[in-house]
Number of protein chains: 2
Amino acid sequence: METTAETQRTRATPATEQVLGAALNLFTEQGYFNTSIPDIVKASSVSTGSIYHHFRDKEGIARSLYATLVERMESKFSEIEAAHATAHDRCRAVIALLFDLTEQEPAVMRFMLFSRHREFIPDQKPVCSSRPFVQMREMVAVGMKGGEVREMTPIVAASAVFGGALRLIQLRLDGVLDTPLPEYLDEIWQCAWRSVAV
Amino acid sequence: METTAETQRTRATPATEQVLGAALNLFTEQGYFNTSIPDIVKASSVSTGSIYHHFRDKEGIARSLYATLVERMESKFSEIEAAHATAHDRCRAVIALLFDLTEQEPAVMRFMLFSRHREFIPDQKPVCSSRPFVQMREMVAVGMKGGEVREMTPIVAASAVFGGALRLIQLRLDGVLDTPLPEYLDEIWQCAWRSVAV
DNA sequence: GTCTATATCAGGATAGAC
DNA sequence: GTCTATCCTGATATAGAC
């Protein structure tokens, strides 16, 4: 995978992958500020010197991580847009994907959805403004234009469609829910679609 | 207001109120870890010594703040339960309250809903497990028992009812939405209720 | 590119006068 | 109860050998 100029992402090497993996786990388990460089050294088996050779500073690790994960999400959503034609099918597929991801890589979801990025990456836009979230809102907006979704304020419709699912994800990640989310997919999707269908 | 044993809350004095107010603003604007004691000293016009006289440590300030705000929310919700008889009216009133609060005291909502408390108050349960959230879920559960709400997994129903509104609150607090939330109350409520009504 | 050892400093917490 | 001055830990980041 190529380094892009805009995201200033570090080239993928075994060492950087180790560091990013360890950082993802530590940041989501303990929080960014409770994670020290020595913590990352221990968890990644990469020395302080090497870490600072690959990343400008601790913040750089977080930036790199965030950029990588946002990009992954973006391309997943683009695949969904390509694979499905209707707003109904696209939105359902997005929720199914997010539910699966929550079960298989909870740390990724935790970092993407529930970290306060602005607190440790100062010039970062809020996640809600990031491309993947825009894509989600567009899916709903397109559905409204096409007559699948009732006429209403677009962002309200998008919140109605995805709000319930995102809430379940938070409950699951916070340990309030013991059941794997995919079991609830049909139920929550029925609610979501009823709420905005014509 | 009395100090309760369990919450170990500090007695309310002018000085403590100053500190808590300043801390609320700073914690929500910059984050807990980006806020130093000297920052709180400046913003509250209370000296370091006085702060440590009233609070055990920095964490103690956060604990006190959290306990106070959770309690406020709890009693608001109890008032709503008393004032309305049906799940429909109760849940709508809760959303209306949260929307108003978001406009009038955004810092309070930010701190309650979107701070990662566990990162700075180690033994804290996630917000979703706190009394007010339990109250919200109970309102929906009662509605299901009473036949107002369709039969389904209770927590899924609750997520469907409140998920959209909570999503809008987040978008508003993150600056994605320029319109005051109360303008969207009818629209989102219609979605929420449609999603679970029998 | 990787490592160890270390410089530097911010900020949480305290001492002790008033 | 309030204040100022100060201590001291712990974490970031660097130097410089290999």
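Within every chain, numbering begins at 1; the chains are lettered A, B, ... in the order of the sequence lines, protein sequences first and strands thereafter.
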How many Å lie between [atom1] on [X] and [atom2] on [N], as a whole number?
X       : N      : atom1 : atom2 : answer
B/Asn34 : C/dA10 : CG    : P     : 15 Å
B/Glu17 : D/dG1  : CD    : P     : 14 Å
B/Ile51 : C/dT14 : CD1   : P     : 14 Å
B/Phe55 : C/dT14 : CZ    : P     : 15 Å

*A/His53 side chain N/O closer than 4.0 Å to the phosphate oxygens (OP1, OP2) of C/dT2?*
no

_Phosphate OP1/OP2 of D/dC3 contacted by B/Ser50 side-chain N/O (<4.0 Å)_ =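 For B/Ser50, the contact criterion (side-chain N or O under 4.0 Å from OP1 or OP2 of D/dC3) is met.
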
Show me the donor-acceptor pairs within less than 3.5 Å that the side chains of residues 189-198 of chain B make with the rest of the protein, sequence neighbours left out.
| from | atom 1 | to | atom 2 | distance (Å) |
| --- | --- | --- | --- | --- |
| B/Trp189 | NE1 | B/His88 | NE2 | 3.4 |
| B/Arg194 | NE | A/Arg194 | O | 3.1 |
| B/Arg194 | NH2 | A/Arg194 | O | 3.2 |
| B/Arg194 | NH2 | A/Ala197 | O | 2.7 |
| B/Ser195 | OG | B/Ala192 | O | 2.6 |

*Quick one: salt bridge (Lys or Arg N to Asp or Glu O under 4.0 Å) partners of A/Glu79, sequence neighbours excluded?*
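For A/Glu79 there are no salt bridge (Lys or Arg N to Asp or Glu O under 4.0 Å) partners, ignoring immediate neighbours.
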
*Using the test salt bridge (Lys or Arg N to Asp or Glu O under 4.0 Å), find all partners of B/Glu74 that sit at least two apart in sequence or belong to another chain.*
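Here no residue qualifies.
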
_Sequence neighbours excluded, every pair satisfying ring-ring contact (aromatic ring centres under 6.0 Å, His included) that has a member inside residues 129-152 of chain A_ = none

*asked:* Generate the contact string for nucleotides 9-18 of chain D. Rules: B means base contact, S means sugar-phosphate contact only, - means no protein heavy atom under 4.0 Å.
replied: ---SBB----

_Could you work out, with ring-ring contact (aromatic ring centres under 6.0 Å, His included) as the rule, every residue matching B/Phe111, not counting sequence neighbours?_
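With neighbours one apart ignored, the set is B/His117.
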
*Look only at the side chain of B/Asn25 and the backbone of B/Ala107, and say whether a donor-acceptor pair between them is shorter than 3.5 Å.*
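Flag not set: sc B/Asn25 to bb B/Ala107 has no pair under 3.5 Å.
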
